[in-house]
Structures are given as structure tokens and as C-alpha cells.
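Okay, so here's the structure we're looking at.
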Amino acid sequence: MLALEPPSPYARLLDAEPESLLPPQPKSVRDTGLPQQLIVELIAKALYLGGKCHLPVLTTRLHLSINVLREVLDFMVAEHVAEVAWRGDSDLDVQYQLTGAGKQRASAWLERSPYAGAAPVTLEAYRAMVERQVLQAPQPAADDLAAEFADDFLAPPVQRMLGAAMHAGRSMLLYGPSGGGKSLLARRLGGLLQGLVAVPHALVVGQDIVQVYDAAVHRAPSPRQARMVQPSPERRSGDPRWVLCQRPVVALDGALEAQMLDLQPDAANGCYCAPPQLKANNGLLIVDDLGRQRVPAAELLNRFVQALETGRSVLSLAGGYHFPAPCRLRLVFATSQTPSSLLDEAALRRVGYKIPVGALSAASYRTLFRQQCISMGVAYDEAALRYLLDELHAGAGLPLLACYPREIVGRVVDFAAYLGEPARLSPASLEQAWVSMFADEGARVDDDVEPRIA
């Protein structure tokens with residue numbers, strides 16, 4: 001294993017304020033844990049690409065504190081790489097620009113590496129933060145699960161298994177027929193992950209930069225969460241290289257390929273993009289449609305479960321360098337295939353909980369159907385629903401899956417809107433919706449047929 005970086009004093013700063021969500025703001029270059037030369041190059045690239053710039057604007061672009069920037073800029077001025085272009089009345093009202101020699105150096109640095117984004121944190125600091133946030137994570141309780149799934153009509157045994165798996169942080173496999181709500185259920189588990197986490201904009205590994213923060217995955221705190229974490233005036237501000245986010249939920253589908261689980265080179269920006277398991281740290285990773293990927297299901301399961309058991313995922317840089325990145329997350333697989341057809345007994349033993357997600361009871365199906373009618377503004381009719389259950393579902397031998405009510409009511413609304421009529425339930429409107437959903441050669445499409453109500 002290649003040692004890519006020396007121990008950094010920055011990791012010790014993480015322990016300075018153990019209750020703080022964000023690491024404390026570095027007061028010096030040494031506090032950042034970064035080589036001064038890396039910061040010099042980032043500043044030079046920013047000035048080369050953007051021209052002369054105010055000190056506060058550099059702070060925003062590079063996510064470095066004023067104190068750190070001043071220390072490095074003083075060095076750059078002394079080395080005739082940068083110069084003060086303009087100075088106002090206040091200490092912050094200063095503009096910097098590159099000298100002629102500085103422009104030549106910045107051009108060479110950009111040619112070697114075009115990365116000119118946020119200043120990174122060290123891999124050591126990231127590992128320490130991920131581990132700290134594991135310990136800070138609130139454990140979901142039975143009341144939390146009951147509140148999150150109050151309207152999902154989960155059978156009590158299923159609800160208990162989900163709760164136990166989430167509380168223990170063990171992997172789980174959701175299996176059952178297509179349309180049973182496994183994918184939605186897996187994503188809803190993310191609602192049980194409470195609290196906020198700090199995610200770095202980027203990591204530095206040796207000479208390479210890895211972008212971790214992804215706005216599509218790392219969502220901003222809700223207004224309520226933001227109010228709860230407002231810092232008091234006397235507290236030190238946090239390190240701007242980190243972003244405070246909700247716990248991430250990352251979902252992978254059948255399009256997943258093996259190479260997607262490693263670092264993705266981004267030549268245009270001069271960095272690597274983090275793989276999904278790195279973005280999901282301190283959150284939830286979902287592997288949906290297990291068995292449809294181009295990677296064998298057993299290989300995929302073993303790779304993720306081993307990373308979860310060891311707490312690390314080994315990633316590769318160009319040139320064959322490997323390094324262990326933290327892997328601390330909750331893991332959920334979902335499949336419509338029978339588990340025994342995908343995985344042998346040994347592989348299944350490595351999954352913490354095997355949880356069946358099947359059809360709803362008739363009572364739960366009725367309640368869910370009524371809720372969908374209310375949400376879509378469709379007049380509910382009990383006799384029409386009896387026809388749906390006793391004639392259409394029973395006649396076709398189709399189970400009462402959670403996906404059907406929304407789809408059927410939505411099609412009733414579609415047909416009514418097309419005809420310019422108010423949407424209402426009737427045996428005829430339900431059968432019309434039913435026929436449009438299923439490729440059944442025996443389906444009736446005669447408008448004159450009066451369906452029998454059981």
C-alpha cells in the first residue's frame with residue numbers, strides 16, 4: 001500500500017470542538033494540513049483565469065479563510081508571483097493580480113493540472129470526520145419508523161425487520177414482485193437518517209484531487225435543520241472547505257457497471273469524481289434491481305458487503321496507485337428476482353436481513369386507493385372499487401401491489417382530462433385504465449359492455 005501523505009495537524013483540530021458539526025476554521029496554512037505550494041497554485045490559477053481579484057472573492061472561490069489566503073498571498077508577493085493591484089481603506093478591500101512571472105508559472109501549472117476549484121482537505125482529515133460522524137449519528141427507533149411509514153401499510157413483521165436492520169446498521173435485501181414498492185421503500189429509509197453531516201468539496205490524495213461534494217446527492221439542510229444549527233456569535237466559524245448537508249441517499253440501478261465504482265477521471269477539470277460509495281458515506285446506499293447489472297450479483301454484493309465490514313473501499317488512481325477510502329454507510333439491495341436464483345447460500349448469509357416486500361392486504365389496498373383518489377381529486381366510489389378488486393384483480397390473478405392504485409387513478413384522470421369530463425370512478429373508467437396498463441390479448445375494449453359489479 002502506497003503512503004501518499006504524511007500525518008497532518010488538521011486531524012487534531014477535529015477534536016478541538018467535538019460537538020461542532022463543521023471542523024473549526026484553520027488559522028494558518030499549517031492548520032489546513034495542505035502543502036503551501038498547493039494553495040499557491042490554486043490562488044495563481046484563480047487569478048490567471050479571472051484576472052485581478054478582491055480578497056473576499058478569492059475566499060469564496062477557493063473556500064479558504066482570509067487568514068490562510070493572506071499568509072499565502074504575502075508569500076506570493078515576496079516571491080514576485082503576485083502583487084497588490086489596488087488597496088482600499090479596509091484590510092479586506094484589497095485586489096491582487098499576477099505578475100508577469102506569475103502568469104508564466106500559472107500557465108504551466110494549469111497545463112499540468114487544470115483543477116482550479118475549491119481547496120481540498122486531506123484524506124486523513126476526511127477519514128477522521130467520517131468516523132466522528134458515525135459516532136454522532138442518531139439511531140432510528142421504533143417511533144421514528146412508525147412515523148415515516150405511517151401511510152405505507154407495511155405488515156408489522158416487515159416493519160420490525162426494517163427497524164432492526166436500520167438500528168443495527170446492518171445490510172438488507174428487499175425482495176418481492178415488481179411493483180411491490182421496494183424501490184420507494186428503500187428510498188424512504190433515507191428519511192430515518194437524522195442529523196446533518198459535513199462533506200468536503202474535494203480531497204487531495206498525493207498530487208491528485210478527488211471531488212466529493214455533489215449537489216445532486218448532498219442536499220442542503222431543511223429550513224428547520226438550518227435553524228437548529230445556527231452558530232452562536234461567540235463560536236468560531238467552520239472550515240469553508242466543508243459543506244453541511246443532510247445525510248446522503250445514493251441509488252444505483254440496473255445500468256451500474258464495475259468501473260463506475262472506482263474514481264472517474266474528469267480530464268476537463270483536472271480531477272477525479274468520487275464513486276457512489278464515497279458520496280454515500282454517513283448515509284444510505286441503495287443497489288436497486290439487483291441482478292440486472294452487468295456485474296454478477298454475487299460479485300457486487302461481496303464487494304459492497306466487504307467494504308462495509310472493513311469500513312473501507314480501495315480506490316485506484318491513474319498509474320496503478322491504490323488507497324483505502326472510508327466506507328461507512330447503510331446498505332440496501334432490492335430485487336424482483338428470487339434471492340436463491342441470484343445468490344448462493346454463502347452469499348445470502350453475508351446479507352444482514354432478508355426482507356420480503358409483497359402484496360398489500362385488501363383493507364390496505366382500499367385505504368391506499370382512497371388516498372390516491374383524494375390526492376388527485378377523483379370522486380371515490382366503493383362499488384367501483386369492489387369491481388376492481390373482485391373482477392379485474394381476481395380475474396387476472398394479479399396481486400394487490402402498492403404500485404397499482406396511483407397508476408390506475410392517474411389513468412382515470414388522464415382519460416377524463418382528454419374527454420373534458422370530471423374524473424370519477426366507475427367500472428367502465430377502471431376497466432379502461434386497466435386495459436391500458438396490461439398487454440392482455442383477452443382484455444375487453446368494447447365501450448358498450450357493462451361490467452358486472454360483484
Tightest non-hydrogen contact, residues Leu22 and Ala198, listed as CD2-CB, 3.9 Å
For the pair Asn282 and Gln133, evaluate side chain to side chain donor-acceptor pair (under 3.5 Å) and give the outcome as yes or no after the intermediate values.
-> CA-CA 7 Å; Asn282 296 125; Gln133 291 176 158; 2.9 Å; yes
Rounded to the nearest 0.5 Å, how far apart are CZ of Arg370 and CG of Asp381?
-> 11.5 Å
Taking Ser341 for the side chain and Gln337 for the main chain, is one N or O donor matched with an acceptor at less than 3.5 Å?
-> no
Lys45 side chain to Tyr115 main-chain N or O, any donor-acceptor pair under 3.5 Å?
-> yes
Would you check if Leu203 and Thr122 make a side-chain contact, meaning some heavy-atom pair closer than 4.5 Å?
-> no
Does CZ belonging to Arg303 count more than 12 external heavy atoms closer than 6.0 Å?
-> yes
Under 4.5 Å between any side-chain heavy atoms of His218 and Gln246, yes or no?
-> no
Report yes if some heavy atom in the side chain of Val287 is under 4.5 Å from a heavy atom in the side chain of Gln293; otherwise report no.
-> yes
Check ring pair (Phe, Tyr, Trp, His ring centres under 6.0 Å) between Tyr272 and all other residues, then give those that pass, not counting sequence neighbours.
-> none
May I ask you to decide if Ser426's main-chain N or O and Ser429's side chain share a donor-acceptor pair within less than 3.5 Å?
-> yes
Side-chain contact, heavy-atom cut-off 4.5 Å: Pro177 with Lys182?
-> no
With a 4.5 Å heavy-atom cut-off, do Gln36 and Arg30 have their side chains touching?
-> no
Just say parallel, tilted or perpendicular for the rings of Trp434 and Tyr404, cut-offs at 30° and 60°.
-> tilted
Indicate whether the side chain of Thr367 and that of Ser364 have a donor and an acceptor atom separated by less than 3.5 Å.
-> no
Answer yes or no: is there a donor N or O on one side and an acceptor on the other, between the side chain of Asp239 and the main chain of Trp242, under 3.5 Å?
-> no
Under 3.5 Å: donor-acceptor pair, side chain of Arg61, backbone of Ala118 = no
Can you find a heavy atom in the side chain of Leu193 that is under 4.5 Å from one in the side chain of Leu284?
-> yes
Charged N to carboxylate O under 4.0 angstrom, Asp253 versus Arg292?
-> no
Under a 4.0 Å N-O cut-off, is there an ion pair linking Glu382 with Arg366?
-> yes
N-O pairing of Glu345 and Arg349 below 4.0 Å | yes
Just by modelled atom types, is the Leu261 backbone N or O under 3.5 Å from a matching donor or acceptor in the Gln277 side chain?
-> yes
Between Asn281 and Tyr126, do the side chains contain an N or O donor and an N or O acceptor separated by less than 3.5 Å?
-> yes
Can you find a pair of side-chain heavy atoms, one from Leu34 and one from Arg241, that are under 4.5 Å apart?
-> yes
Could you tell me whether Gln259 atom CD has more than 12 heavy atoms of other residues or ligands within 6.0 Å of it?
-> yes
Do we see a donor-acceptor contact under 3.5 Å between the side chains of Glu431 and Tyr387?
-> yes
Val212 versus His201: any side-chain heavy-atom pair under 4.5 Å?
-> no
